[in-house]
Amino acid sequence: MSPPLLRAALLASAGAFFLDAAAAFSPPARLTVVTDDAYPPYLFRAGGGKLEGIVLDKWQLWSRVTGIPVSVEGMEWAKAQESVRNGSADVIDALAYTEARAEAYEFSRPYADVDARVFFNRSITGINDLASMRGFLIGAKDGSACAAWLEEKGIHTVRRFPTSDAVVEAARSGDVPLFCMDLPAARYLIFKQNLSDQFRQTEPLYVAQFHWAVAKGRTELRDFIQQGFERVSAQELSEIETRWTGSPLHSPLDAHYFYYFAAAAAAVLAAAALLVVWNRALSLRVSSRTAELRAALKSAQMHEQRFGQMFRLSPDATVVTSVADGRVIEANEAFFRLTGRAREDVIGRTTEEIGFWRDAGERAARLGPALSPGGVHQYERTIRTPAGVQKDVLVRAAHLEMQGKPVLLAMIQDITEQRLAVRLLEESERRLAKIIEASPEAITIASVDDGTFISVNPAGERLSGYTREEMIGRSALAMEFYPDPEDRKRLIADLRRDETVYGREMRLRRKGGEVRDVLISAALIDVSDRKLVLFQGIDITERKNAEKALREHQALLRELSAHHDSVREGERAHIAREIHDEMGQALTALRMDLSVLGLESKGAAPRTAGQIQELKRRVDDLIQVVRDVATTLRPAALDLGILSGVEWLVGEFQKRSGIRCRVRVESGEIDLAEDRSIVLFRILQESLTNISRHAEAGAVEISLRRDATHVRLDVKDDGRGFDPEAVGKKTFGLLGMRERVIMLHGDLSITSVPGKGTQVSVSIPI
């Protein structure tokens, strides 16, 4: 029987068995694929926000091959991972494998190798290993494998950003001296921003393999998608990658090769002529057989169309062997992947020859009932690939009749991951128990209802003052563990609603009655269908006492600073008056004396009169200097109220800077105590000084208004703006403004957007 007829007959016989095994999974109507929208060349946003890249083209190709619509959505990396875990998306792409992620995802086979590196400003030297990076702030994308890898290696100075663009921008502006990123995205963004001469890079920290993945437990969806990609040729995928990464330049062929090409072409043409003659003769022989086979092929094709696709796309390895000696008749691609063998190394060979069994005796013993007509048998075993990889498999074998000949249809499922997961879970439980026991933080497990203790670690004994034997089996409520039982009720209510509570400050009573302040985190856990609570606590009594002392110290410092400012303003006012009254009067008297001398010597001594006139001019200059100094120390206009002080200050600012100012008073006359008037005046003075020095503004708007309880000042410019967080920590002027407002129990806010100006807003209680 010819191979097509054999395969058709085989599939017709095996169809019912295969349908039963595959009926549990229904292909999705459409797929939603998510990934990072700022990770070139895999996915990024081009002009107008349009998504482009390898991921988009690859999934569009998969959609065309399978006929299933695919929606590719780009978002922040952390949100993309969360959308798959919470079920709002089906697939996440460009995901590197880690052990932590393996607990949340079912991974595809890897399709690309990507190395991660640390990049650093060229002004920094000596960054070549993990030890040299310690102590530096390192930027990384939130949710990235790179950030997790650094923290696993003991580097905890990682600052996370929502996107790769934000990481590079922070490095460019100097917010982070080092950053960690996958090489393709880093190179793209660095060259795009013309920063290649600003950064250096380390050797690869590690090489990650990219996968796409689905949520944990959705293995059937993963296998279904993988089967679709198997229908996509390697050339098509390569063309997509080349489209976005480019192709290497090839040097032209040497001229002497053309001689060999010409000779080869001549030989091919001669062979082709012979083939034409032979083909015409062969076609006459074939035509006589065509009619005989046509009817049989038509029936075979119907069966093959029905079951062939199902056989090929089965997520489980499927193989058909003879009952007598186990010789392989047919197998699908999943079987070749599972066994690590090529098709030509499997078809026609016995299962003993390909290493599935040690000998015929083991085969007969393990297959058992499946060797009998109509028999079905399921068993587990371990196989080894030619590369030495060991795999655990679940085999379901059935005895079928095909054209009167007995065959075995075996469906083989790779359960290596499931077995490994069980082993890892058991190991994890043992490791967790050791971690809890050795933890320096108090950890207890108790019932939800009354807080009956089930488990307590040594740190819990130290915190509570009770021994483990005294606590286990007793209720926290009965032990009066909580000074205020309502605290526990609120905690449990929040736990029932949110399942976790993190970092809540509570008070606990130790054995003997001492009350301690504790920072508690708690989570609901299920043990044997029973709801329990795991508590983790840190004793923060000393910290709370230290914080209280610090607040009192800060209050004293602010009072001292307020007193200092009050004394300083008083001294400035006193010095201004002294300069204005004493020195001003003396200089005025001197000018008058010079005027008298000038009149007396005008006719008698013309030369002397000219010298006296020059002295009068110099005295006038000194008088103006005295006035300016006195005004700087304490403007006289401020004695008439805050409005007069503001008008004088704005007028002087416009004369000096040439910047247009508009003053708007919304509440009419504003009468304030002197200390509040001085604070508003000084803040306005500092704001206008900053505008003239840094803002490059064309106009300033000043608003002053008062209500029943507060007075508010707003100063807004149309200058170039700045980053308030970065600048505010380094500028004493802004710090001084903030401290002045805090001393009067007011509020100050500074809002600024680069290129769109700045607004300073002050609100002070009357």
Side-chain angles (χ1 to χ4, degrees), residues 36-40 44-52 74-76 119 121-123 137 139 141-142 159-177 179 181 185-186 188-199 649-650 653-654 656-664 683-704 712-738 741 747-763:
D36 189 349
D37 64 353
Y39 192 80
F44 59 97
R45 295 192 181 276
K50 180 183 178 183
L51 287 174
E52 294 184 349
M75 59 189 68
E76 293 179 4
F119 300 80
N121 192 280
R122 65 179 183 182
S123 62
L137 185 63
K141 182 172 62 179
D142 188 19
R159 180 180 175 187
R160 287 173 165 79
F161 295 84
T163 64
S164 298
D165 303 71
V167 175
V168 175
E169 176 58 27
R172 184 197 65 77
S173 63
D175 287 351
V176 291
F179 69 93
M181 190 176 294
Y188 178 92
L189 296 171
I190 288 174
F191 280 95
K192 180 180 180 181
Q193 299 188 29
N194 197 25
L195 300 174
S196 57
D197 61 337
Q198 299 296 317
F199 293 99
L649 184 59
V650 170
F653 172 76
Q654 290 187 115
R656 291 194 313 271
S657 66
I659 299 175
R660 301 188 311 277
C661 292
R662 178 188 174 194
V663 180
R664 184 172 71 255
I683 290 175
L684 176 59
Q685 188 178 46
E686 180 68 24
S687 299
L688 294 177
T689 300
N690 289 337
I691 290 171
S692 65
R693 289 179 180 175
H694 311 296
E696 300 178 4
V700 179
E701 292 187 7
I702 301 167
S703 172
L704 191 64
R712 181 181 176 93
L713 170 68
D714 295 297
V715 183
K716 182 178 181 181
D717 67 71
D718 61 356
R720 63 182 184 178
F722 64 96
D723 182 354
E725 290 189 5
V727 176
K729 298 176 182 177
K730 305 174 183 178
T731 305
F732 289 110
L734 297 181
L735 290 174
M737 291 165 59
R738 194 174 301 278
V741 173
D747 296 313
L748 179 140
S749 66
I750 301 174
T751 57
S752 184
V753 178
K756 296 185 179 180
T758 302
Q759 178 168 331
V760 177
S761 299
V762 182
S763 177

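No hydrogens, no waters, no symmetry mates; every other heavy atom, side chains included, goes into these values. Owing to the predicted nature of the structure, the values given are computational and were not obtained by experimental measurement.
- A side-chain donor from one of Gln759 and Ser761 sits under 3.5 Å from a side-chain acceptor of the other.
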### Message
One pair to check against side chain to side chain contact (heavy atoms under 4.5 Å, CB included): Leu649 and Gln685. What are the steps and the verdict?
### Response
CA-CA 7 Å; Leu649 184 59; Gln685 188 178 46; 3.8 Å; yes
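- Counting only heavy atoms from C-beta outward, the side chains of Lys141 and Tyr39 approach each other to under 4.5 Å.
- The neighbour count for Arg693 CZ, taken as heavy atoms of other residues, nucleotides or ligands under 6.0 Å away, does not exceed 12.
- Between Val741 and Ser763, the shortest heavy-atom distance links the atoms CG1-O, 4.4 Å.
- At a threshold of 4.0 Å, the pair Lys716-Asp714 does not count as salt-bridged, since none of the basic side-chain nitrogens sits closer than that to a carboxylate oxygen.
- For the pair Val168 and Lys192, the minimum side-chain heavy-atom distance is 4.5 Å or more.
- The shortest heavy-atom contact between Leu51 and Gly74 is CD1-N, 3.6 Å.
- Pro177 has its side chain within reach of Leu137: a pair of non-hydrogen atoms, C-beta onward, lies under 4.5 Å apart.
- Listed by chain and number, the residues in a ring pair (Phe, Tyr, Trp, His ring centres under 6.0 Å) with Phe119 are Phe179 (sequence neighbours excluded).
- Across Ala38 and Asp165, no two heavy atoms sit closer than the pair CB-OD1, 3.0 Å.
- Only one option out of Ile683, Ile750, Asp747 pairs with Arg738 in a side chain to side chain contact (heavy atoms under 4.5 Å, CB included); it is Ile750.
- The closest side-chain heavy-atom distance from Glu686 to Val760 is not below 4.5 Å.
- With a 4.5 Å cut-off on side-chain heavy atoms, Asp717 and Ile659 do not count as touching.
- Around atom CG of Asp197, more than 12 heavy atoms belonging to other residues, nucleotides or ligands sit under 6.0 Å away.
- Rounding to the nearest 0.5 angstrom, the gap separating the CD atom in Gln198 from the CZ atom in Arg172 is 10.0 Å.
- Scanning for side chain to side chain contact (heavy atoms under 4.5 Å, CB included) contacts around Val650 gives Val646, Gln654, Cys661, Val663, Ile702, with sequence neighbours left out.
- Under the salt bridge (charged side-chain N to carboxylate O under 4.0 Å, His left out) criterion, Arg45 pairs with Asp37, sequence neighbours left out.
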